[in-house]
Structures are given as C-alpha cells and as structure tokens.
Amino acid sequence: MCRSIKTLREPYTSDVTDEDVRAAALQYVRKISGFRAPSARNAEAFDRAVETIAVATQALLNDLHLRPVARDGVTS
C-alpha cells in the first residue's frame with residue numbers, strides 16, 4: 001500500500017523537510033480516499049486530513065528513539 005511514500009527516518013533519509021512530510025501525508029490521503037484531486041465539495045475534508053496526518057507524522061518522527069548509525073551504515 002502507498003508504495004510511493006518513502007521512509008522518512010534515519011538511516012533511510014536525513015534532513016526531512018516539512019514538504020517531505022506533507023508529500024507523504026498527501027499520498028496517504030489520496031490512496032485512502034481514492035481521489036487524486038477531490039471535488040470542490042470534498043476539498044476541505046481532504047485538505048484537513050492531509051494536515052492532520054502531516055502533524056501526526058511529524059510527531060511520530062520526533063518521538064522515535066533510534067539506535068545511532070555508524071558512518072559505515074551499521075547500527076550500534
């Protein structure tokens with residue numbers, strides 16, 4: 001599901017931006033709703049869902065406790 005959503009945590013990626021988080025949230029909402037672009041009637045709910053999921057995603061990333069990754073890519 002949502003294969004176009006990339007992993008947003010270390011060591012898979014670094015320097016995650018707000019745009020990265022929003023793009024992942026948008027892809028998730030598109031997949032779940034079945035809409036690439038919602039009708040005007042559904043736009044507010046769609047946008048609200050994207051924002052809610054982006055906030056939840058950022059909170060998750062902030063709260064994760066990860067093992068340090070060595071420069072050679074091996075976890076310690």
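Just so it is clear, the model here is predicted, and its values are computed rather than measured.
Enclosure of atom CZ in Arg30 by more than 12 non-hydrogen atoms of other residues, nucleotides or ligands within 6.0 angstrom is indicated.
In this structure, Leu8 CG and Thr17 OG1 are separated by 8.5 Å, a value rounded to the nearest 0.5 Å. Atoms CZ and CG, from Phe46 and Leu26 in turn, are 5.5 Å apart once rounded to the nearest 0.5 Å.
Counting only residues at least two apart or in different chains, salt bridge (Lys or Arg N to Asp or Glu O under 4.0 Å) contacts with residues 47-56 comprise Glu44-Arg48.
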For residues 56-66, tabulate all N or O donor-acceptor pairs below 3.5 Å that involve a side-chain atom, not counting sequence neighbours.
unit_1 : atom_1 : unit_2 : atom_2 : d
Thr57  : OG1    : Ile53  : O      : 2.7
Gln58  : NE2    : Asn62  : OD1    : 3.0
Asn62  : ND2    : Gln58  : O      : 3.3

Expected list for residues 35-42: side-chain donor-acceptor pairs under 3.5 angstrom, two or more places apart:
unit_1 : atom_1 : unit_2 : atom_2 : d
Ser39  : OG     : Asn42  : N      : 3.4
Ser39  : OG     : Asn42  : ND2    : 3.3

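Here the side chains of Arg9 and Val16 are not in contact, with every heavy-atom distance at 4.5 Å or above.
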